[in-house]
Each structure stands twice: as structure tokens, then as C-alpha cells.
Amino acid sequence: MMDVVREMNLIAAEEGAILAVVGGGSALVKLWDTTTWDLIETLSIPRPEGPKPTDKISSKKFVLSVSWSLDGKRLACGSMDGTISVFDVPRARFFHHLEGHNMPVRSLVYSPYDPRLLFSASDDGNVHMYDADEKALVGTMSGHASWVLCVDVSPDGAAIATGSSDRTVRLWDLNIST
């Protein structure tokens, strides 16, 4: 079993007793019950509407990152084509795409301060902040010289940290007032 997991390039995010698993070059998200290890649902990542991508990178739909919203009702999935797919987990339905990146989305994290706020890190060198429920790009942070590989948010939601292939870590003050 571990060999299969290693080959899949496993990425998982856990919310309570449900584990979301992606990897292996597929456009699927598998939801597992961690108490019984039964597969409960398979979510399919749809392609965004509009013209079909013409280059090889943007035509790949496989998922690189996942993140649960704090309330466990939404699951965001970052893809190789730069899109983020948001799912309504209780209904097991695709909600919508978030757009704005033009390269792979390597990391996602929902804010513990506001369950609608989602941060994304991308190979395009940018970090985006979205209102994931309203499908709105709220802000963009740039400053890394290369791919942004990871993003995490402080417990109070006032700052994020990003790591890049440019060998730097940046701390971003979000100036969120309570």
C-alpha cells in the first residue's frame, strides 16, 4: 500500500473524520471516512468554461493541492492549469472555479479568521487572497523571484507565511482588524 501512495504523489487534507486525497495525475478528489477507511465520495474536477488551453501546462487538469475550510463545508483544490476548484462537501457538488493564476497552484490554505478567505500559492510567483464563497479575488501579493511553493496563515488570520523556490520565506501582514 505504501508503494502505491508514494507513486501517487499523495496530497491530503483532513477535516474531522473525512480525508481528501488527490494525486497520481488525476482530476479526481477521493473522500475517505477515516474511522472505517471506506471511500465515501469521488469528486471530479471539471474544466473551466471558455476556450480550451493551447499549451501543455495549462491543458493539464490534475490536482496539486487541497485545503478544507475551517467549517468543513468547502474543499478547495489547486490544479496544474492554475485554476482552483471549490466544492460544497455536504452536497458533494462542484461549487465554482477561482481564477487568476496562470501557472500551477502548489499550495492552498483557508483562513481560521474568516472561513471564506482562501490563500493560494502559485508557480507564477504570486499569492492570491480570495473570497472563495463569492468567487472574488480580494488581493494579490507578489515579491518572490520564483515559484511560490507553500503558504500558511497564522491562527489569528493576521499574517501569512510563504516559501519559494527562490530560497526565501516571506511574512505578509494582512492588516486585518477585529
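Quick note: numbers below take in every heavy atom, side chains included, and nothing from hydrogens, waters or symmetry partners.
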Q.
Rounded to the nearest 0.5 Å, what separates atom CG in Leu117 from atom CG in Asp133?
A. 9.5 Å
Q: Under the side-chain contact (heavy atoms from CB on, under 4.5 Å) rule, collect the residues that match up with Asp88, sequence neighbours excluded.
A: Arg74, Pro90, Arg91
Q) Among all residues two or more places apart in sequence or in another chain, which pass the side-chain contact (heavy atoms from CB on, under 4.5 Å) test with Ala161? A) Leu171
Q) Can you tell if the side chain of Leu137 reaches within under 4.5 Å of the side chain of Leu98, non-hydrogen atoms only? A) no
Q) Roughly how far, to the nearest 0.5 Å, is the CG atom of Asp124 from the OG atom of Ser146? A) 11.0 Å
Q) Any idea how His101 and His128 line up, ring-wise: parallel (<30°), tilted (30 to 60°), or perpendicular (>60°)? A) parallel
Q: Identify, with sequence neighbours excluded, every residue that meets side-chain contact (heavy atoms from CB on, under 4.5 Å) alongside Val89.
A: Leu31, Trp68, Leu75
Q.
Could you tell me if the side chain of Val148 sits less than 4.5 Å from the side chain of Ser122, heavy atoms only?
A. no
Q. Roughly how far apart are Thr162 OG1 and Asp166 CG, rounded to 0.5 Å?
A. 8.5 Å
Q.
Rounded to the nearest 0.5 Å, what separates atom OG in Ser85 from atom CG in Leu43?
A. 10.0 Å
Q) Any donor and acceptor pair, going by atom type alone, linking the side chain of Thr34 with main-chain N or O of Ala17 inside 3.5 Å? A) yes
Q: Would you please indicate if the ring centroids of Phe94 and Phe87 are separated by under 6.0 Å?
A: yes
Q | Residues which pass side-chain contact (heavy atoms from CB on, under 4.5 Å) with Thr83, listed by chain and number, not counting sequence neighbours | A | Pro48, Lys61, Ser79, Asp81, His97, Glu99
**Q.** Inter-residue atom distance Trp37.CH2 - Ile40.CD1, 0.5 Å rounding
**A.** 10.5 Å
Q. Would Met129 and Ile84 show up in the same hydrophobic cluster when neighbours are defined by side-chain heavy atoms closer than 4.5 Å?
A. no
Q. Does any pair with a residue in residues 112-123 pass salt bridge (Lys or Arg N to Asp or Glu O under 4.0 Å), and if so which ones, sequence neighbours excluded?
A. Arg106-Asp123, Asp114-Arg116, Arg116-Asp131
Q | Donor-acceptor contact below 3.5 Å, side chain Ser67 vs main chain Ala76 | A | no
(Q) Checking the side chain of Ser154 only, and the main-chain atoms of Ala159 only, is there a donor and an acceptor separated by less than 3.5 Å? (A) yes
**Q.** Tyr110 vs Pro115 side-chain heavy atoms within contact, under 4.5 Å
**A.** no
Q. So if you build clusters from Ile, Leu, Val, Met, Phe, Trp, Tyr with side-chain heavy-atom gaps below 4.5 Å, do Val109 and Val127 land together?
A. yes
(Q) What's the separation between atom CG in Asp156 and atom OG in Ser111, rounded to the nearest 0.5 Å? (A) 8.5 Å
Q: Without swapping roles, check the side chain of His96 against the backbone of Glu134 for a donor-acceptor pair under 3.5 Å.
A: no
Q. Any salt bridge (Lys or Arg N to Asp or Glu O under 4.0 Å) pairs touching residues 22-40, not counting sequence neighbours?
A. none
Q. Quick one: do Leu118 and Val105 end up in the same hydrophobic cluster if we chain Ile, Leu, Val, Met, Phe, Trp and Tyr together by side-chain heavy atoms under 4.5 Å apart?
A. yes
Q. Looking at side-chain heavy atoms only, is the closest gap between Leu149 and His144 below 4.5 Å?
A. no
